[in-house]
Amino acid sequence: MAKTGLEVLKERGFISQCTDMDALQKLMDNERVTFYVGVDPTGKSLHIGHMVPFFAMHHLQKAGHRPIAVVGGGTSMIGDPSGKSDMRKMLTIEQIRENAASLKDQLGKIIDFGEGKALMVNNYDWLGPLNYLEFLRDIGIHFSVNRMLSFESYKQRLEKGLNFIEFNYQLLQSYDFLKLHQDHGCKMQMGGDDQWGNIVAGMELIRRVEGAEAEAYGLTFPLVTRADGKKMGKTEKGAVFLDPEMFSPYEFFQYWRNVADADVGKFLKFFTFLEMDEIAELESLEGSEINKAKERLAYEQTKIIHGKEEADKALEAAKAAFTSGGGAGAMDRDAIPSVDVPVTEIEAGIGIMDLFARTGLCGSRGEARRLVQQGGARVNEVQIKDINAVIGADSVEDGEILLKAGKKRYFRVVVGS
RNA sequence: GGGGAGGUUCCCGAGUGGUCAAAGGGGGCAGACUGUAAAUCUGUUGGCUAUGCCUUCGAAGGUUCAAAUCCUUCUCUCCCCA
């Protein structure tokens, strides 16, 4: 007996709030439902913190429903105040267009944009040409300022200051839902919990314009948190982007490999397509065994985003680097960042601090000095503790020198001519 | 438009003429311990051609032997009034 899409979401923990679960269940049992999720094209790459709704989309699409990804080209020119303590930066139309194009590629890894299976639209297409007076008359009339002000998300902003442009965001998002309902028969909107207010507002708008019997539902996902309280998908160096140029597949793999014990099960459900019984099995592992589950999580997730080949490479590299006495010997060379240094410089000899300072492993010579003094610096796996050590041609192996900072960070110095 | 309070190093937050590269906390980095986890403990945390030098306390000027600290102007934020 196949599970319905909604059941899959439920058992995986995707559902936080639903405007009418029973009715939605019934609807989805009986027909192919078109639903949508908004994406903000505020950057050229998504990061994993954005991914929950798209994994949810995947499950529903698999169950036969039709997703629409709405690029918020128009709305991102306004900036959603929900859950934000500060106003968002505004982008130009050109930037947004560029971003939108690369976002589609990334979403394509999770959602099948094949003919008729899914849509991607840009709300700038209908928000852009809007006529202010008409919009106020046709749409604005349905909104109560009193009601809007009572929303929790606005309350918070009222204390800090909320300007008029942001205040309009909800109207525009509601209009999106109405527009998609009219043009594509879209009946459900999904989003993070912070979108609840906006989603409900959209439903109400549809009911007011189309009549009380119009079918519109809303579904929200819980905010995915990490056991250590840090933001999902953020590292000190920035967000965990899906774009391999911005965040290498190896590091991506490592991010997942290093999640907290308490998060493994949850993440397997959210971010992989493994079956529930397999996840249950992985979840039941205890002690150091749990590393197997983390490895699986990292592998599956990397495979989805970067492909099987990259996932295999990352897995192998990780194994090589962390088992049997360490060493990056078997690591995939390309996965390690590198810098070119002319052979003449190597032959002349480079001070250990200079070498580390120019690799990105250390931000400055001072930082490099500390690293060396604290015993975190290794050249070809040999610890160097002398800050005056000079690295010369005798350290070159296979045309490169392998540097290691701490236990996990590697860097290659490629000797160029 | 009027009045008030503020802008300090990655973040929060002390500091109100020299002893300040600036307390404390957070975070980061490194080390120990480990399971590439968590917790804990230790060290470290502006840069450099390095017992000294340079750049930093919203911006620009000024006072002084000496300023994050005093004065002037500008700028931004928040609060109260209109």
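A note on names: the letters A, B, ... follow the listed sequences, proteins ahead of strands, and every chain is numbered from 1. Predicted, not measured: the structure shown is a model, and the values here were computed from it.
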Comparing nearest nucleotides in RNA chain B, the 5'-proximal residue of the pair A/Ala357, A/Arg257 is A/Arg257
Of A/Gly287 and A/Asp354, the one whose closest RNA chain B nucleotide lies more 5': A/Gly287
Can you check whether A/Phe270 and A/Phe14 have ring centres sitting under 6.0 Å from each other? yes
Tell me if the centroids of the rings in A/Phe247 and A/Tyr255 come within less than 6.0 Å of each other. no
To the nearest Å, give me how far apart [atom1] ([X]) and [atom2] ([N]) are.
X	N	atom1	atom2	answer
A/Met353	B/A30	CE	P	18 Å
A/Asp263	B/U36	CG	C1'	16 Å
A/Gln383	B/G31	CD	C1'	10 Å
A/Lys404	B/U36	NZ	P	12 Å
A/Arg378	B/G31	CZ	C1'	11 Å

Pair listing, salt bridge (Lys or Arg N to Asp or Glu O under 4.0 Å) test, anchored in residues 139-149 of chain A, at least two apart: A/Arg147-A/Glu204
Backbone of A/Lys313 reached by a side-chain donor or acceptor of A/Glu316 within 3.5 Å: no
Heavy-atom donor-acceptor pair, A/Lys407 side-chain to B/U34 base, under 3.5 Å: yes
From CG (A/Asp105) to NZ (A/Lys44), nearest 0.5 Å: 11.5 Å
Could you please name the partner base of [N], counting Watson-Crick and G-U wobble pairs only when both distances are under 3.5 Å?
N	value
B/U51	none
B/U69	none
B/A38	none
B/C10	B/G26
B/U64	none
B/A5	B/U77

A/Lys104 charged N/C atom sitting above A/Phe113 aromatic ring, 6.0 Å / 45°: yes
Between [N] and [M], how many Å separate the two [atom1] atoms, rounded to a whole number?
N	M	atom1	value
B/G4	B/U72	P	13 Å
B/A82	B/U19	P	48 Å
B/C20	B/C81	C1'	41 Å
B/A23	B/C57	C1'	14 Å
B/G47	B/A14	C1'	24 Å
B/C48	B/U55	C1'	10 Å
B/A21	B/G46	C1'	7 Å
B/C74	B/C65	C1'	29 Å

Under 4.0 Å protein heavy-atom contact, by nucleotide of nucleotides 20-25 of chain B - B base, S sugar-phosphate only: ------
Across nucleotides 37-47 of chain B, 5' to 3', mark each nucleotide with B, S or - according to how protein heavy atoms within less than 4.0 Å reach it. B-----BSS-S
Heavy atoms under 4.0 Å, any strand shown: does A/Ala405 hit a base, just sugar-phosphate, or nothing? sugar-phosphate
So A/Gln373, base contact, sugar-phosphate only, or nothing? Heavy-atom distance under 4.0 Å. nothing
Angle class for the A/His65/A/Phe35 ring planes (parallel below 30°, perpendicular above 60°, tilted otherwise)? perpendicular
Please identify each residue that fulfils ring-ring contact (aromatic ring centres under 6.0 Å, His included) with A/His142, with sequence neighbours left out. none
Any residue meeting side-chain hydrogen bond (donor to acceptor under 3.5 Å, both in side chains) with A/Ser284, in chain and number order, not counting sequence neighbours: none
Distance-only donor-acceptor pairs under 3.5 Å for side chains of residues 345-355 of chain A, two or more places apart:
residue: A/Glu345; atom: OE1; partner: A/Arg358; partner atom: NH1; Å: 2.8
residue: A/Asp354; atom: OD1; partner: A/Arg365; partner atom: NE; Å: 2.8

Kindly say if A/Arg409 contacts the phosphate of B/A30, meaning a side-chain N or O under 4.0 Å from OP1 or OP2. yes
4.5 Å side-chain heavy-atom contact, A/Ile48 and A/Trp256: yes
